[in-house]
Amino acid sequence: MARLRDGLPRLVVAIRSLLFWSLVYGYCGLCASIHLLKLLWSISKGPARTFRRVVRENPPACLNDPSLGTHCYVRIKDSGLRFHYVAAGERGKPLMLLLHGFPEFWYSWRHQLREFKSEYRVVALDLRGYGETDAPMHRDDYRLDCLITDIKDVLDSLGYSKCVLIGHDWGGMIAWLIAICYPEMVMKLIAINFPHPSVFTEYILRHPAQLFKSSFYYFFQIPRFPEFMFSINDFKALKHLFTSQSTGIGKRGCRLTTEDLEAYVYVFSQPGALSGPINHYRNIFSCLPLKHHMVTTPTLLLWGEKDAFMEVEMAEVTKIYVKNYFRLTILSEASHWLQQDQPDIVNKLIWTFLKEAARKKD
């Protein structure tokens with residue numbers, strides 16, 4: 001009886017693990033089936049259009065706009081990876097480090113590069129596997145611990161010991177984890193449309209609506225097929241994310257110009273450019289569930305209420321995980337792409353937070 005009692009906790013853990021992975025792979029299969037039906041429908045309507053793909057050899061002019069900053073590279077000694085970033089503002093000023101989401105790259109921070117360079121050295125990074133940053137081949141090279149170490153190493157290589165850290169979407173997840181693992185490196189944390197990681201992992205398992213909104217997490221577990229689906233119809237799915245009525249920037253937002261969209265398509269249409277970004281998600285379930293960790297850094301959470309991928313209730317719950325000054329602002333008409341959708345409002349809120357947090361410290 002005692003042996004049975006001792007083995008019961010392990011049995012419960014095993015059953016929970018089995019149920020969790022059954023859910024993951026079952027939903028993967030469902031998502032793959034849905035996307036396969038979409039592919040067959042597209043082929044039936046026009047096979048030539050489905051497989052059409054424009055070759056883009058030269059970047060659009062906006063990617064070399066000098067008003068956004070200078071294109072720079074830094075090679076990390078331990079990993080050997082070369083990271084690309086765009087920097088604005090004088091060297092020696094406090095560092096503001098910007099981490100983009102998916103499917104984005106440094107250019108998603110163009111409005112912030114111009115805005116904050118007066119008082120900060122603003123660095124918009126291409127994360128591992130994105131844009132001009134090196135992209136390792138193996139999916140294991142995109143584990144969360146590797147991504148966290150990347151940011152620490154980049155900070156060291158730039159000659160800084162701490163920064164104002166801002167992350168959006170997946171970059172927000174990384175920013176939260178940096179603040180948890182290396183609190184001494186983060187003077188102030190600003191997360192945009194991503195809750196504390198513990199909130200996200202608990203919420204998604206308990207709320208079917210969020211499970212549905214996060215279906216791409218499951219779809220991305222499948223090898224190669226997601227990359228192919230993004231590329232058909234000359235990257236129609238990529239454009240759709242930013243422009244459609246359901247997921248894109250709304251009528252009242254700062255919509256992407258034709259050149260902005262072309263910049264995104266140019267970057268992600270390069271050979272192999274989608275595998276690195278999608279590999280970030282191919283390791284997420286092996287890292288779950290995340291342990292409960294408190295954030296001790298002054299934190300601002302900005303949220304677009306019209307976010308098609310994240311339930312706004314997660315933003316409200318996040319407060320309990322921050323043991324310091326915390327401010328939450330929800331913008332009622334804004335989308336998931338908040339810093340591009342409402343750049344003037346977002347920039348103003350960031351300025352206000354930075355000054356408020358400084359006064360609280362004093």
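Only heavy atoms go into these numbers, but all of them, side chains included; no hydrogens, no water, no symmetry mates.
The side-chain hydrogen bond (donor to acceptor under 3.5 Å, both in side chains) check on R139 picks up nothing, with sequence neighbours excluded. Under the side chain to side chain contact (heavy atoms under 4.5 Å, CB included) criterion, Y73 pairs with R82, H84, E132, sequence neighbours left out. Checked against side-chain hydrogen bond (donor to acceptor under 3.5 Å, both in side chains), Q342 has no partners two or more places apart in sequence or in another chain. H111 pairs by the side-chain hydrogen bond (donor to acceptor under 3.5 Å, both in side chains) definition with nothing, not counting sequence neighbours. With sequence neighbours left out, the side-chain hydrogen bond (donor to acceptor under 3.5 Å, both in side chains) criterion links Y266 to no other residue.
The side chain to side chain contact (heavy atoms under 4.5 Å, CB included) test with L98 singles out one residue from I190, V122, V123, and that residue is V122. Here the options are W337, Y281, Y264, the test is ring pair (Phe, Tyr, Trp, His ring centres under 6.0 Å), and the partner is F102; only Y281 passes. Of the candidates Y217, W170, Y321, F200 forms a ring pair (Phe, Tyr, Trp, His ring centres under 6.0 Å) with just one, namely Y217.
At least one donor-acceptor pair under 3.5 Å links the side chain of T318 to the backbone N or O of M314. At least one donor-acceptor pair closer than 3.5 Å links the side chain of Q210 to the backbone N or O of F309. For the pair S44 (side chain) and W41 (backbone), a donor-acceptor distance under 3.5 Å is present. Looking only at distances, no side-chain donor or acceptor of D307 sits under 3.5 Å from a matching main-chain atom of H336. In this structure a side-chain-to-backbone donor-acceptor pair under 3.5 Å is present from R143 to D140.
L338 contributes atom CG, which lies 11.5 Å from atom OG of S108 (distance to the nearest 0.5 angstrom). Here the OG atom belonging to S157 is positioned 9.0 Å from the OH atom belonging to Y85, to the nearest 0.5 angstrom. Considering CD of E333 and CD1 of I249, their distance stands at 14.0 Å, rounded to 0.5 Å. Going from atom OG1 of T297 over to atom NZ of K162 covers 11.5 Å, rounded to the nearest 0.5 Å. To the nearest 0.5 Å, atoms CE (M173) and NE2 (H280) are separated by 12.0 Å. Annotation: the span from L302 atom CG to I166 atom CD1 amounts to 8.5 Å, rounded to 0.5 Å.
The shortest heavy-atom contact between G69 and A88 is CA-CB, 4.2 Å. Between P94 and Y160 the shortest heavy-atom distance is C-CE2, 4.2 Å. The two residues L300 and L349 have their closest heavy-atom pair at CD2-O, 3.9 Å. Across P277 and F268, no two heavy atoms sit closer than the pair CG-CE2, 3.9 Å.
L39 places a side-chain heavy atom less than 4.5 Å from the side chain of I232. Put simply, the side chain of C163 does not reach to within 4.5 Å of the side chain of M96, judged on heavy atoms. Here the side chains of F225 and M229 are in contact, with some heavy-atom distance below 4.5 Å. Looking only at side-chain heavy atoms (C-beta outward), L155 and M185 come within less than 4.5 Å of each other. Contact of the R282 side chain with the N279 side chain is registered, since non-hydrogen atoms from C-beta on lie closer than 4.5 Å. Here the side chains of V295 and L189 are in contact, with some heavy-atom distance below 4.5 Å. Looking at R255 and K251, their side chains come closer than 4.5 Å, going by heavy atoms from C-beta outward. Using a 4.5 Å heavy-atom threshold, the side chains of L95 and Y120 count as separate.
Heavy atoms from other residues, nucleotides or ligands lying under 6.0 Å from CZ of R252 number 12 at most. Environment of NZ in K239: crowded, with over 12 heavy atoms of neighbouring residues, nucleotides or ligands closer than 6.0 Å. Counting non-hydrogen atoms of other residues, nucleotides and ligands closer than 6.0 Å to NZ of K348 gives a total of 12 or fewer. Under a cut-off of 6.0 angstrom, the local environment of NZ in K306 is sparse, with at most 12 non-hydrogen atoms contributed by other residues, nucleotides or ligands. Atom CD of E184 sits in a crowded spot, with more than 12 heavy atoms from other residues, nucleotides or ligands closer than 6.0 Å.
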Practice task
Using the side chain to side chain contact (heavy atoms under 4.5 Å, CB included) rule, take R121 and E90 through it: C-alpha gap first, then chi angles, then the decisive distance, then the call.
Solution key: CA-CA 6 Å; R121 174 70 168 172; E90 297 175 10; over 6 Å; no
Exercise for the section: List the steps and the verdict of side-chain hydrogen bond (donor to acceptor under 3.5 Å, both in side chains) for D341 and S335. Expected result: CA-CA 7 Å; D341 184 332; S335 69; 2.8 Å; yes
Problem - side-chain hydrogen bond (donor to acceptor under 3.5 Å, both in side chains) between Y130 and R128, intermediate numbers included - result: CA-CA 6 Å; Y130 281 84; R128 175 185 291 225; over 6 Å; no
Practice task
Take I151 and L125 through the test side chain to side chain contact (heavy atoms under 4.5 Å, CB included) and record every step on the way to the result.
Solution key: CA-CA 9 Å; I151 306 308; L125 188 68; 3.8 Å; yes
Problem - Derivation of the side chain to side chain contact (heavy atoms under 4.5 Å, CB included) call for D150 and I148 - result: CA-CA 5 Å; D150 282 346; I148 294 167; over 6 Å; no
Handout entry: side chain to side chain contact (heavy atoms under 4.5 Å, CB included) between F230 and L241, intermediate numbers included
Key = CA-CA 11 Å; F230 259 94; L241 285 173; 4.0 Å; yes
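Defined by atom type and a distance below 3.5 Å, a donor-acceptor pair is missing between the side-chain atoms of W106 and H100. Under 3.5 Å, the side chains of E227 and S275 contain a donor-acceptor pair of N or O atoms. At a cut-off of 3.5 Å, with distance as the only test, no side-chain donor of D169 or N193 sits close to an acceptor on the other residue. In this model, a donor atom of one side chain and an acceptor atom of the other lie less than 3.5 Å apart for E115 and W351. A donor and an acceptor atom, one from each side chain of S67 and R114, are located under 3.5 Å apart. In this model, a donor atom of one side chain and an acceptor atom of the other lie less than 3.5 Å apart for Q340 and E104.
A salt bridge links D260 to R110: at least one charged side-chain nitrogen sits closer than 4.0 Å to a carboxylate oxygen. Of the charged side-chain nitrogens involved, at least one lies within less than 4.0 Å of a carboxylate oxygen, so that R75 and D134 count as a salt-bridged pair.
Annotation: H196 is not in aromatic contact with H293 [ring centroid separation under 6.0 Å not met].
Here side-chain hydrogen bond (donor to acceptor under 3.5 Å, both in side chains) pairs that include residues 228-238, with residues two or more places apart or in two chains, are S42-N233, R56-D234.
Note on ring orientation: taking the six-membered ring where Trp is involved, the planes of H207 and Y203 are parallel (angle under 30°, cut-offs 30° and 60°).
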